[in-house]
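Start at 1 and go down the list; that is how both ligands and their atoms are numbered. The structure displayed is predicted, hence computed values, not measured ones.
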Amino acid sequence: MIRISLSIVFLSLPFFSSFSQEALIHNVYNRKTISLTGDWKYIIDPYENGYYNYRYEPFDQQESPQASAFFMNSTLKDSSQLLEYNFDNSDKIKVPGDWNSQKKELLYYEGSLWYKKSFDYEASNPANRLFVYFEASNYQSEIYLNGHKLGTHIGGFTPFNFEISEFVKAKDNFLVVKVDNKRLKDGVPTLNTDWWNYGGLTREVKLVETAPNFIQDYFIQLDPKNNEHLKGYISLNGNEIEQHKITLEIPELKIKKEFTTDKQGKAFFDISTKKIQYWSLENPYLYDIELSVQDEKISDQIGFRSIRTEGSQILLNEKAVFLKGISIHEESPLREGRGHSREDAEKLLDWAQELGCNYVRLAHYPHNEHMLRLADERGILVWEENPVYWTISWENENTYQNAENQLSELISRDKNRASVIIWSMANETPNVPQRNTFLRRLASFAKAKDGTRLISAALEQKNFQGNPAIRTIDDPFADVVDVLSFNQYIGWYDGLPEKCEKVTWEITQNKPVLISEFGAGAKQGLHGSKEARWTEEFQEDLYIKTLKMLDKVDKIQGISPWILVDFRSPRRPLPGIQDGWNRKGLISDEGKKKKAFYILQEYYKKK
Ligand code: GCU
């Protein structure tokens, strides 16, 4: 079997890491899959003794891998044999799920941990192909099946897949994964963040069976230049993908078109139709889409809408919209740890909609796909963000390639989600030449991959001409973005709330302005004077004064205050108040609302 796959393998030059993965299978969400959810065996390996020999050489780069290599999943043949690990006698851990919240001894663990899952497999058609698909794994993952190295993935929040057709057996397959969540100076994100470094197979792992020549990817969007046209492409993966017939059906629009693929197995289309019901906040209309090739049919639900800016306005279907938002971290509101389930997403978006939001900023990295599918269904606009956070190694080409690859995987996964209107390149990065180059490259890459959405980044504000009473955005990246977004913490990190009454804003760029963050910490249930930090009254007063100040920013088109729910952070140790949690949530980690929740809710009611 010849394996066709787009391998993104970087030259092993001094500044390139070499990791290979395959082109992403699109819309696994709706495909026939075999879930590997459940108990996996695991081994904690802080010295990576299961990966390197005593000369620190990787076992998986040796001609004949030794039995002591964990990916071999070795078992004793006879009692004379020396073996110092055994998956089957090891403890169990749940997948999906970060390891930190599942095992007390792993709460702060940063290092390598091995997973092993055994499974049998019977193909529904022997000619079919089989892939293993990871919704996310934080941070660096080495993947093996039956002792064969499938590849490596770097990045903790985006999906990846590997073909296993030639290695899978009918019985006793063993999938072994080494996940290393160590933070790295040259990583994306880098060493310091203000969130918990949850490690492991944090989202679902699935087997995806496909036809020999299957629909790998597609992009179906309203033509940004003509809202009576649907444009896009469909691309195949397989050995006979040239001159292949593909059918696109949208029954409600009475569209049934057949296309023929080119040499690369790709077909582009531009279909005119006059009867589209646009996806909107009031009517988040999703069309059933069906794509079929000779041996396979897949379906999807896609909304069609236009999004663009004009001067200082954001136009959704040519109508100005104010983004009544809130920032959200991907932590489960129902239990400890990373969110990953549809129920997690439902609870978070229920709270956002109870607040009166029509928009959410999914900080600071791609969230699980349930959030986007639900936002599509509920009519909630979304800002998605690449984890280029704070002070990345701007001059390291390998770091750039990593950032671009993660952004590519994000856009590949969510490019057909109507709710997503903004791709954010970064958060609070320094205005230095190397960063400007880095972000400009990312923005051009994003625009080339998806010209239908807006580009932004959470920038930082500064004094206007040295005068602290006037604030402005003085950042060359402000010339690149479509939407000018910035975080500001006047009243919390910068003076006290009454300072909001003394500051004015000078925004010189003729672009829509979003305040991507503001907020204050409060311990839920702690009451007292509004002058006393950490009381609910302080946070409430900060919201009252900030909202009044922001109403004076004439180009403001939306806000996403920081943040919906308290979240774990190693940067927040204050005993009795933080205890390892960032307390800027409008809701506590126990799901209790604070007084400021109702200030914002009231504000959105009047918007
Ligand atoms: C920053 C940053 C957030 C952080 C927040 C805070 O703006 O973007 O990630 O959590 O401020 O300090 O609470």
Side-chain angles (χ1 to χ4, degrees), residues 138 156-157 183 187-198 325-331 338-339 348 360-367 383-392 403 422 424-431 435 439 456-462 471 473 475 477 481 483-497 499-500 513-524 533-534 536 538-539 542-543 546 550 558-574 577-589 594 596-597 600:
N138 188 40
F157 305 98
R183 289 165 292 117
V188 178
T190 181
L191 283 169
N192 62 336
T193 69
D194 188 20
W195 68 78
W196 204 265
N197 179 25
Y198 291 107
I326 191 72
S327 291
I328 300 178
H329 256 305
E330 188 185 49
E331 280 194 346
R338 274 266 170 265
L348 289 172
V360 289
R361 176 184 179 220
L362 301 186
H364 285 293
Y365 39 74
H367 288 212
W383 158 306
E384 286 208 272
E385 189 160 292
N386 202 28
V388 174
Y389 182 94
W390 285 357
T391 316
I392 295 279
I422 294 172
S424 168
M425 300 300 105
N427 179 73
E428 294 190 348
T429 53
N431 171 7
R435 163 269 203 180
L439 292 193
S456 191
L459 303 177
E460 293 179 301
Q461 45 89 16
K462 60 184 291 188
R471 299 303 170 87
I473 302 303
D475 183 329
F477 198 57
V481 297
V483 175
L484 185 62
S485 310
F486 59 91
N487 300 345
Q488 68 82 25
Y489 279 92
I490 295 171
W492 178 256
Y493 291 121
D494 175 356
L496 294 169
K499 190 167 184 177
C500 295
V513 172
L514 293 183
I515 310 299
S516 30
E517 282 181 40
F518 70 83
K523 168 85 173 153
Q524 190 277 327
R533 274 185 198 265
W534 304 112
E536 288 197 36
F538 184 102
Q539 186 187 46
L542 182 284
Y543 268 72
T546 301
L550 296 180
I559 60 174
S560 50
W562 192 259
I563 186 169
L564 182 64
V565 194
D566 289 353
F567 59 95
R568 269 195 188 282
S569 168
R571 299 170 63 85
R572 312 293 174 177
L574 184 63
I577 297 284
Q578 296 176 316
D579 301 313
W581 294 79
N582 183 311
R583 294 292 184 200
K584 295 190 185 66
L586 293 175
I587 302 173
S588 75
D589 55 294
K594 303 173 192 176
F597 179 96
L600 187 60

> Between F518 and W492, is the ring centre distance below 6.0 Å?
Replying inline: no
>> Tell me which residues fall inside the under-4.0 Å heavy-atom shell around ligand 1.
In response: D194, H364, Y389, N427, E428, N487, Y489, Y493, E517, W562, F567, R572, N582, K584
> Is any side-chain N of the basic residue among D194 and K584 closer than 4.0 Å to the acidic one's carboxylate O?
Replying inline: no
>> Please report the interatomic distance CD(E384) to OG(S456), rounded to the nearest 0.5 Å.
In response: 13.5 Å
> Would a distance-only check, ignoring hydrogens and angles, find a side-chain to backbone donor-acceptor pair under 3.5 Å from R338 to E330?
Replying inline: yes
> What do you reckon, are the aromatic ring centroids of H329 and H367 less than 6.0 Å apart?
Replying inline: no
> For D589, which of K594, R583, K523, R568 qualifies under salt bridge (Lys or Arg N to Asp or Glu O under 4.0 Å)?
Replying inline: R583
